[in-house]
2 protein chains.
Amino acid sequence: MTRPAAPAPDGAPVRILVCDDHAVVRAGLLALLDSAPGIEVVGEAGTGEEALALSAKLAPDVVLMDLQLGEGIDGVETTRRLTAAPGASPHVLVLTTYDTDADVTRAVEAGATGYLLKAERPEELFAAIRSAAQGRPALSAPVAGRVMAGLRGLRVSLTGRERDILAQLARGLGNRDIARALFISEATVKTHLRRIYDKLGVDNRAGAVAVAKEQRLLP
Amino acid sequence: MTRPAAPAPDGAPVRILVCDDHAVVRAGLLALLDSAPGIEVVGEAGTGEEALALSAKLAPDVVLMDLQLGEGIDGVETTRRLTAAPGASPHVLVLTTYDTDADVTRAVEAGATGYLLKAERPEELFAAIRSAAQGRPALSAPVAGRVMAGLRGLRVSLTGRERDILAQLARGLGNRDIARALFISEATVKTHLRRIYDKLGVDNRAGAVAVAKEQRLLP
DNA sequence: GGCCCTGTCATCCGATCGGCTGACCCCCGG
DNA sequence: CCGGGGGTCAGCCGATCGGATGACAGGGCC
């Protein structure tokens, strides 16, 4: 597609770790990135836990992260832990299917360097990876548009953590399981829930989920 | 009625048309399939309309179809028209992210030869493509399991009263208020709730609301 | 250097939920 | 005529939720 003659701007290639729970998508990305000059895939992970372990071992420049991970911790939590890690943490480039406001803000607050849609052209992906490797933020055009166009879409201003809680809530988890999923105590979960109820104008979890789905605060 | 011209398994490669609205995924699949022996990608489409036009022009053996297409007609409708087309119609292999019962049945009814999840291993994909080229059906293991387990058994068929309860539930009402709203006793509400949980595969009201909203079981 | 917001954690307690078991009525279809 | 599905109701009990209140650390803002 692009000329292979275009060399990487820097001597060393950008070292990438790919994290996506879909094996086919992962394999496709690997094949695609192999064709890109100046980009080298050094590992692949199918779960958040795997990504954390591999990142610690491989120290990649950039982690390409899908927000929707089937089992275990989700992409946001993985991103949070990746970027919060002591020492040289990788830049996380979120590559996902959806562009809901909640997702973008949660990802950015968790420390993501960029947010790309899978609908993007491959060239955009390559460019974003090279940007991310240097810590320069990158947003997909439609996403950037939304962000510019105002948090107008964000009628309810939930904090990042509150949205995390809400996401787990919508999976039907109890407080204990939410706590485990996010590595916090049940007491903290309850505190967040209380604030969420206040902000959404409800007084129980069923109502919160209903409002969240209605306002499209969730994926 | 589907396969007038059988492709030679070994002599000629299987000719593929890839249809997915995500450019990155499409490019990834292209790169991945290029590495597979006996498989040749002859075209790619980003919308259902494109797929129909290209299929008519290129006459591929297999169309790799994503069910979720952003703009225009969806994957199911595209599949329907592809397989209903006069003359030699391609075999459609659905490759999608989700495995809800509704999707599978809709796709199969529309004439899909196979249904694969993107979470599948690449080798499974290659094998499925070669199967599909000869009209042999292919289902992802998890999908096949569901189908065996009794398609209609898992079908979400709520009774009228159950939907009434669900609607109130989504308003965040407690059992007492639901009872009052529907002029029945709390005991009856609880009975309905338990059946709803069973049918939706959840075990609490938050999960029920989430599933209901997801499956569009509510107004 | 204070102050607010966010995120974290804790305890107490009443209210509610969810699981379990069993029951009755009505209507439809075999 | 009897079986079964849908709708109704009841009691018991442990688990969980939600309300109230208080506390502390870190980041950002003035």
Side-chain angles (χ1 to χ4, degrees), chain A residues 73 76-77 79-81 83-86 102 105-111 151 154 156-212 217, chain B residues 150 152-153 155-212 217:
Chain A
I73 63 181
V76 171
E77 185 60 31
T79 298
R80 188 185 308 280
R81 294 169 73 78
T83 56
T105 46
R106 283 170 64 213
V108 170
E109 281 161 0
L151 308 337
L154 294 176
V156 180
S157 70
L158 295 179
T159 69
R161 208 47 168 166
E162 284 163 355
R163 278 185 287 269
D164 291 341
I165 301 275
L166 198 49
Q168 302 305 316
L169 194 61
R171 292 175 53 198
L173 298 188
N175 291 345
R176 181 176 311 153
D177 294 317
I178 295 176
R180 276 205 264 263
L182 299 181
F183 304 98
I184 56 181
S185 79
E186 289 185 52
T188 303
V189 172
K190 291 186 67 174
T191 300
H192 286 305
L193 279 179
R194 172 106 303 291
R195 292 175 185 162
I196 290 173
Y197 295 159
D198 286 344
K199 288 184 179 178
L200 297 188
V202 301
D203 57 2
N204 59 52
R205 38 189 67 213
V209 170
V211 171
L217 300 172
Chain B
R152 63 266 154 215
R155 169 104 289 99
V156 185
S157 66
L158 296 180
T159 68
R161 208 48 165 167
E162 284 163 355
R163 273 187 291 269
D164 292 341
I165 303 276
L166 199 49
Q168 302 306 314
L169 193 61
R171 293 176 52 199
L173 299 188
N175 291 344
R176 180 178 311 151
D177 294 317
I178 295 177
R180 276 205 265 263
L182 300 180
F183 304 101
I184 56 181
S185 79
E186 289 186 52
T188 303
V189 172
K190 292 185 66 175
T191 300
H192 285 307
L193 278 180
R194 236 175 338 87
R195 292 177 187 158
I196 291 173
Y197 295 160
D198 286 345
K199 289 184 178 178
L200 298 188
V202 301
D203 57 3
N204 60 51
R205 38 188 70 213
V209 171
V211 170
L217 299 174

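In the text below, chain A, chain B and the rest are named by the order of the sequence lines, each starting its count at 1. Keep in mind that this is a model prediction, so the values were computed, not measured.
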_Check: Arg180(A)/Asn175(A) side-chain N/O donor and acceptor closer than 3.5 Å_ = no
*Using only heavy-atom distances, determine whether the side chains of Thr191(B) and Thr188(B) contain a donor-acceptor pair under 3.5 Å.*
no
Rounded to whole angstrom units, what separation is found between the [atom1] atom of [X] and the [atom2] atom of [N]?
X: Glu77(A); N: dT8(C); atom1: CD; atom2: C1'; answer: 14 Å
X: Leu193(A); N: dT6(C); atom1: CG; atom2: C1'; answer: 15 Å
X: Phe183(B); N: dC9(D); atom1: CZ; atom2: C1'; answer: 18 Å
X: Asp164(B); N: dG6(D); atom1: CG; atom2: C1'; answer: 13 Å
X: Asn204(A); N: dG18(C); atom1: CG; atom2: P; answer: 10 Å
X: Leu182(B); N: dT8(D); atom1: CG; atom2: P; answer: 8 Å
X: Asp177(A); N: dA15(D); atom1: CG; atom2: P; answer: 15 Å
X: Glu162(B); N: dG7(D); atom1: CD; atom2: C1'; answer: 10 Å

*Reading nucleotides 20-29 of chain C 5' to 3', which nucleotides get B (base under 4.0 Å from a protein heavy atom), which S (sugar-phosphate only), which -?*
BB--------
*Can Asp198(A) and Arg195(A) be counted as an ion pair, charged N to O under 4.0 angstrom?*
no
*What pair of heavy atoms forms the shortest contact from Ala212(A) to Leu166(A), and how long is it?*
CB-CD2, 3.7 Å
*Can you figure out which of dG7(C), dC17(D), dG19(C) approaches the side chain of Asn175(A) most closely?*
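Out of dG7(C), dC17(D), dG19(C), the nucleotide with an atom closest to Asn175(A)'s side chain is dC17(D).
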*Where the side chain of Arg176(B) is concerned, which of dT8(D), dA10(C), dT16(C) is the nearest nucleotide?*
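It is dT16(C).
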*Centre of Phe183(A)'s six-membered ring, under 6.0 Å away, within 45 degrees of the axis: is that where NZ or CZ of Arg81(A) sits?*
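Pair Arg81(A)/Phe183(A) counts as cation-pi.
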So does [X] get a side-chain nitrogen or oxygen closer than 4.0 Å to the phosphate oxygens (OP1/OP2) of [N]?
X: His192(B); N: dT8(D); value: yes
X: Thr188(A); N: dT8(C); value: no
X: Arg161(A); N: dT8(C); value: yes

*Flag the pair His192(A) / Val189(A) as yes when at least one side-chain heavy-atom distance between them is below 4.5 Å, and no otherwise.*
no
*asked:* Check whether Arg205(A) reaches the backbone of Asn204(B) with its side chain - one donor and one acceptor, N or O, closer than 3.5 Å.
replied: no
